[in-house]
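To start, the structure under review is shown below, and the notes come after it.
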Amino acid sequence: MSQESQKYNHGEIEEKWQKQWVDQGIYQQYDRPEKFYALDMFPYPSGAGLHVGHPKGYIATDVFTRMKMLQGKSVLHPMGWDAFGLPAENYAIKNKVHPAKAVAENIVVFKQQLQKIGFTYDWDREVNTTDPAYYRWTQWIFLKLFEHGLAYEADEPINWCPSCKTGLANEDLEDGKCERCSSVVEQKKMRQWKLRMTAYADRLLEDLDKTKLQWEESIRIQQRNWIGRSEGAIVKFSISPPKADPPLADNFQFPIDVFTTRIDTIFSGTFLVLAPEHEFVDAVKEHIQNWNEVETYRQTLQTVSLIDRTSAGREITGIELKGITAINPATKESMPVWIADFVLAQYGTGAVFADAHDTRDFAMAKKYRIPLKVSIQPEDPALLEQVKALAVCYPGEGKLFNSQQFDGMTSAQARPKIVEWLSQQGSAKPTVNYKMRDWVFSRQRYWGEPIPLIHCEQCKKKKYQYVFIHGFTGSSQGVFFPWLAQELKRQGHTVFCPDLPNTEHPNIQEQVEYILDNTAINEDTILVGHSLGGVVMMKLLEQISGSVRRAVFVDPVVSKTFNDHARPDVEKSNDWKFDYAKIKSNIREVVVLADARHPIIRVEDIEKLRTVLNANQTITVHPEADHFTASQEPEILRAIDSIGTIALSEDELPLKLPEVEKYEPTGTGESPLAGIPEWVNTTCPQCGGAARRETNTMPQWAGSSWYYLRYIDPRNGAALVDLNKEKEWMPVDLYVGGAEHATRHLLYARFWHKFLYDIGSVSTIEPFKRLINVGLILAEDGRKMSKRWSNVINPDDIIEHYGADSLRLYEMFMGPFTQSIAWSTDGVKGVRRFLDRVWNLKERTLNPKLSTLNPNIDRLLHQTIKKVTDDIEGFRFNTAVSQMMILVNAMEKADSLPLSQFSILLLLLSPFAPHMAEELWHQLGNSESIFEAQWPQYDPSLAKESEVEFVVQVNGKVRDRFAIPVGLPEVQVIAQSLERDAVRGWLEGKQIRKKIFVQDTLLNIVVS
RNA sequence: GCCCGGGUGGUGGAACUGGUAGACACGACAGACUUAAAAUCUGUUGGCCUCACGGUCAUGCGGGUUCGAUUCCCGCCCCGGGCACCA
């Protein structure tokens, strides 16, 4: 062997093995019985390329998966690209390059950089969120959400730059001003698509604990806080009519709902405060005597961000709505109504009742001299004195006074009692509130997945004939769905709401004929059938010729079996046989509304109906009362309102992004897609008339909310993932990524996953079993790595000089994995020195004179096997590496080093420095890859120490230490300790009060 | 402001479940090798007092619990992440 070939030449070795591993397919051994799925948060392929901070988490999963491979598991470790989003779009605007082109170029660079690090990625499974073959399924998931009533439109404020005439991301703001032109940014309301994530709030919360997720507690806490469940009550404050002319507006008679968690303070509520944006303010505009001032105040707030508005340092501002008063439902006293900046429309009901027991309310009352009352007493009498004198605010809990029959109760006792008392009067109800809001899901941008919907103005504007078909117990209480009927009439539709014959002992055929005799059903008819009305509707649909526009089933009875109890009259009412084909051909659109919380109607029946009629919307709601017997009219209106918004059919997916000339927003706030008539204009699948495509695109979060599923089955054309394959690999065993994703990305992905579970697309209720956050790597100057500071370190340079193994080993050694740590190239030199020393150890093993087994090394070796195995499992890579350094230090000094011991070192090192380990493995005469070998087993008997250093303390201070055999009994150890000169000196002239003995560790002698 | 982390030598960090603070590295200093430098190897390396044995202080700051606290509790200070359109 020549001198030359003995030198550690990292470049040559790394290139050689990277190629061989891929050629041999060692990363594609998927047929072993045990599976392990390791997932990295996929990167955004930016133009700047990778810096050394990016791969830290990837190296960790790679170390982990290599150990799992050695432990005999099949490992899935994929990689892909999260490539939609703002930077590519801004780059496109600036450089007139199609974002797809820029993204493709960036991916090439990223991929080359990653491949040099020697990861176990199976590149055959690479995914790219911007690939139509991928986003086809992102769009498919959206359609399913839409069908299930989980996607809806609402007005949402966006950051609007009046001079650039464009919506701005929060990122593009600087002190409330536009980053580009420094104009003051306004809050402008725009129609946006939202996803009803709040419907999953409870499950997102409960499953954090129920499903034994191995997540750091801090992430779970952050998720819980983000969801922000709080139990309280909604209290209705009626508005007392002003004496003023003109008379009240229609909605003026509605009371204002206030959500509170502190209903125990209701008796001290002396004024009401609304969010400035509260819709009530506009609704009663004519009655507000100081409207001009109110309007001016509201305008000044438009330029203040929500975070600033609520920050505690800021002085509270507000203005009274003169001419409007409310009634406190507990005291029956009149209260002034104000609007103020600290009340947010997004939280609770956007209104609070204010009293002396909230610091912000208190401050506001003091500032504007609004009268206050006190009803909670603190225990401290001196404090009580001050509280009663209104000198200080007491926001805590305590005993109630000034509270009528609740006087003397504690806050906790009083809360349920007061809610009960008020709800008997119809002015309160217990309510759960969430801080979490629904997900604003649309962006007015080019570079995102197009939302696959069509809007038809004709269908939307058209006046329809509604036919309400009530259920079993009839409409004896009056008009069935009265508010809904009134609302539809107000919109100009006609509503036929018959009182059907024989409701106590119904005959379905008789009811069908009654309807047919009394109204004309045609293609502009919309049928709404509730409960038993569902069967009537089905039978009716069998008997008509021509089709109705839409059939809305509201918790319909479609079989004679009920979940709660038998109803013989219903069972006898018809034959329960349906001609589904006929029914289906007679309906253009089907909507099914179902009660998910307390189902009276069997879930299987609803499912069957949905499938058999191919419902284009199934809305699962939790009605306030079971089975929609009380008013759920707004929910039903919501289902009806969706008319004219039509989902693309699945076979039209993917709906591809068109080529455009300009990527800039349009100036109206609409997406650039709105400026492409060939793309926007289409025909309505319902009426065949002219219609427009939805021009909003999805947010970047969409593609990253399900990518982990696509890796499992990346080329499936029939489903987003094959269910059997999903069962094989899910849930993800290990998910590693940045702490910045601890709330939103993880909530979004969990939400989608639960939804996919509900519709049967996946078999697991949680996607990620174990989750670990990676800490940042800062630049050597302690700042973040950024082009701006020109302190970026490129992994390519480190690999060139020191090798990929050194890079990997250093990033694992630099410190605790989750912590942010500054880069140190000197540190890389240090681990490179370590690798050189390992390399040189090979010579010793090849020397036959040095091949006898050394028991001291063997003990250390087995301690090291245990520590490295446990530390990798626990993500304590830094201490795993330092233990290997201790072992190598000892091996260098040992007078012998047999091949067997050195081979174990190589195996332990192989996850961290795979190239070098593989090379040495082969040089030692192995012909198979080291990754086909077995991870070493730890033998506790070999690892055991025979002697320990024992510590003697006097009054807690270490005074002596000496060696004792392990397990030496207490009596003997104490006797020896008391004889020691170093100890005796400290005991002289003192009384021994106490002796604390810890086996094999220490003795503390307490003296005085 | 609110929520979640973190703070230990000149530097990155170690310390099991409350039991020897500073493992392992980096840097620095000294020595060996070399004409020389680099590389490599050997040794020293928290502060203060001491020739030394040793003593004493010390884990962001201030208190507390305990025989004993980097670890547990209370109150502060500083730094990082998140706060819903950066990803």
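Chain identifiers are assigned alphabetically (A, B, ...) following the order of the sequence lines, protein sequences preceding nucleic acid strands; residue numbering begins at 1 within each chain. Predicted model, so just to flag it, every value in this text is computed and none were measured.
- Between B:rU70 and B:rC76, the distance separating the two P atoms is 22 Å to the nearest Å.
- For A:R196 (side chain) and A:Y152 (main-chain N/O), no donor-acceptor pair under 3.5 Å exists by modelled atom type.
- When rounded to the nearest whole Å, the span between CD of A:E892 and C1' of B:rU42 equals 13 Å.
- Using a 4.0 Å heavy-atom cutoff across all strands shown, A:I158 reaches at least one base atom of the nucleic acid.
- In this structure, B:rG9 shows a glycosidic angle within 90 degrees of zero, which is the syn conformation.
- B:rC26 and B:rA39 have their P atoms separated by 12 Å, given to the nearest Å.
- In a base pair of the Watson-Crick type (N1 to N3 plus N6-O4 or O6-N4) or a G-U wobble (N1-O2 and O6-N3), with each distance short of 3.5 Å, B:rA69 is matched with no nucleotide.
- A:T697 and A:W447 share no donor-acceptor pair across their side chains, judged by distance under 3.5 Å alone.
- Heavy atoms of A:P43 sit nowhere under 4.0 angstrom from any nucleic acid atom.
- B:rC48 and B:rG55 make up a base pair, with Watson-Crick or G-U wobble contacts both under 3.5 Å.
- Comparing B:rG22 with B:rA58, their C1' atoms sit 11 Å apart, to the nearest whole Å.
- Each of A:F84, A:Y663, A:Y91 was checked for a ring-ring contact (aromatic ring centres under 6.0 Å, His included) with A:Y446, and the lone residue meeting it is A:Y663.
- If you measure from atom CG of A:L86 to atom C1' of B:rC86, you get 7 Å, rounded to the nearest angstrom.
- Nucleic acid contact for A:F950: none, since no nucleic acid atom lies under 4.0 Å from a heavy atom of the residue.
- As judged by a 4.0 angstrom heavy-atom cut-off over every strand, A:W439 is placed among residues making no nucleic acid contact.
- Nearest to the side-chain atoms of A:I996 among the listed nucleotides B:rG12, B:rG19, B:rA21 stands B:rG19.
- Between B:rG13 and A:Q819, a contact under 4.0 Å exists linking OP1 or OP2 to a side-chain N or O.
- One can find a donor-acceptor pair under 3.5 Å joining the base of B:rC85 and the side-chain atoms of A:R445.
- Summarising the local packing, CD of A:E217 is surrounded by more than 12 heavy atoms from other residues, nucleotides or ligands at distances under 6.0 Å.
- Between atom NE2 of residue A:H741 and atom CG of residue A:L747 there is a gap of 13.0 Å, rounded to the nearest 0.5 Å.
- Taking the C1' atoms as reference points, B:rU59 lies 15 Å from B:rG18, given to the whole Å.
- Backbone-only contact: A:N889 has heavy atoms under 4.0 Å from sugar-phosphate atoms and none from a base.
- At a cut-off of 3.5 angstrom, the base of B:rC85 holds no donor-acceptor pair with the side chain of A:N170.
- Separation of the C1' atoms belonging to B:rC16 and B:rU11 is 26 Å when rounded to the nearest angstrom.
- B:rG80 is paired with B:rC4 under the Watson-Crick or G-U wobble criterion, all donor-acceptor distances under 3.5 Å.
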>> Using ring-ring contact (aromatic ring centres under 6.0 Å, His included), reason through A:Y735 and A:Y708 one step at a time and then give a plain yes or no.
In response: CA-CA 10 Å; A:Y735 192 23; A:Y708 56 91; 7.4 Å; no
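- For A:E949 against B:rU20, a side-chain-to-base donor-acceptor contact under 3.5 Å is present.
- A:H745 comes within 4.0 angstrom of nothing in the nucleic acid, heavy atoms only.
- As judged by a 4.0 angstrom heavy-atom cut-off over every strand, A:I221 is placed among residues touching the sugar-phosphate backbone only.
- B:rG19 atom P lies 20 Å from atom CD1 of A:I1005, rounded to whole Å.
- Ranking B:rG12, B:rC67, B:rG81 by closeness to the A:N1004 side chain, first place goes to B:rC67.
- Proximity of a side-chain donor or acceptor of A:S183 to a complementary backbone N or O of A:C161 within less than 3.5 Å is not detected.
- Separating the CD atom of A:E740 from the C1' atom of B:rG5 is a distance of 13 Å, rounded to the nearest angstrom.
- Summarising the geometry, the separation between CZ on A:R959 and C1' on B:rG68 is reported as 13 Å, rounded to the nearest angstrom.
- Distances shown here put a side-chain N or O of A:R443 below 4.0 Å from the OP1 or OP2 atom of B:rC85.
- The A:W986 side chain lies nearest to B:rU56 when the options are B:rU56, B:rG13, B:rC85.
- Proximity note for A:S218 (side chain, C-beta onward) versus B:rC4, B:rA23, B:rA87: the nearest is B:rC4.
- As judged by a 4.0 angstrom heavy-atom cut-off over every strand, A:I886 is placed among residues touching the sugar-phosphate backbone only.
- For B:rA87, there is no paired base (Watson-Crick or G-U wobble, both distances below 3.5 Å).
- Side-chain contact annotation: A:D341 with A:T317, donor-acceptor N/O pair under 3.5 Å present.
- Base contact: A:M436 has a heavy atom under 4.0 Å from a base atom.
- The C1' atoms of B:rG12 and B:rG46 are separated by 16 Å, rounded to the nearest whole Å.
- Along RNA chain B, the nucleotide closest to A:D836 and the one closest to A:K867 are compared, and the more 5′ of them pairs with A:K867.
- The P atoms of B:rC73 and B:rG5 are separated by 12 Å, rounded to the nearest whole Å.
- With a cut-off of 3.5 Å on both pairing distances, B:rA37 has no Watson-Crick or G-U wobble partner at all.
- Residue contacts for A:K435: at a heavy-atom cut-off of 4.0 Å it reaches a base atom on one of the strands shown.
- Side-chain contact between A:W439 and A:S705 is present, with at least one heavy-atom pair separated by less than 4.5 Å.
- Taking the six-membered ring wherever Trp is involved, the centroid distance between the rings of A:W706 and A:Y134 falls below 6.0 Å.
- A:R833 has a side-chain polar atom (N or O) that falls below the 4.0 Å cut-off from OP1 or OP2 of B:rU40.
- Proximity of A:Q223 to A:L746: side-chain heavy atoms (C-beta onward) are separated by under 4.5 Å at one or more points.
- Contact annotation: A:K957 side-chain N/O to B:rC57 OP1/OP2 distance is under 4.0 Å.
- A cation-pi arrangement is present between A:K56 and A:F817, with the terminal nitrogen or guanidinium carbon under 6.0 Å from the aromatic centre and inside a 45° cone about the axis.
- The shortest side-chain heavy-atom distance between A:I1005 and A:L978 falls under the 4.5 Å cut-off.
- Listed by residue number, A:I821, A:D826, A:G830 are the residues of residues 821-830 of chain A with a heavy-atom contact under 4.0 Å to RNA chain B.
- Of all nucleotides present, only B:rG43 satisfies the Watson-Crick or G-U wobble test against B:rC29, with each distance under 3.5 Å.
- In this structure, B:rA23 forms no base pair with any nucleotide, since neither Watson-Crick nor G-U wobble geometry is met with both distances under 3.5 Å.
- Between the side chains of A:N773 and A:T818, no donor N or O sits under 3.5 Å from an acceptor N or O.
- Mapping A:P87 and A:E217 onto RNA chain B via the closest heavy atom, the residue that lands nearer the 5' end is A:E217.
- Within residues 870-884 of chain A, the residues approaching RNA chain B are A:N878, A:T879, A:S882, by heavy-atom distance under 4.0 Å.
- For A:Y434 and B:rC3, the OH to P distance is 21 Å, given to the nearest whole Å.
- Counting to the nearest Å, the P atom of B:rC3 and the OH atom of A:Y347 are 13 Å from each other.
- Summarising the geometry, the separation between CD on A:Q444 and P on B:rC85 is reported as 11 Å, rounded to the nearest angstrom.
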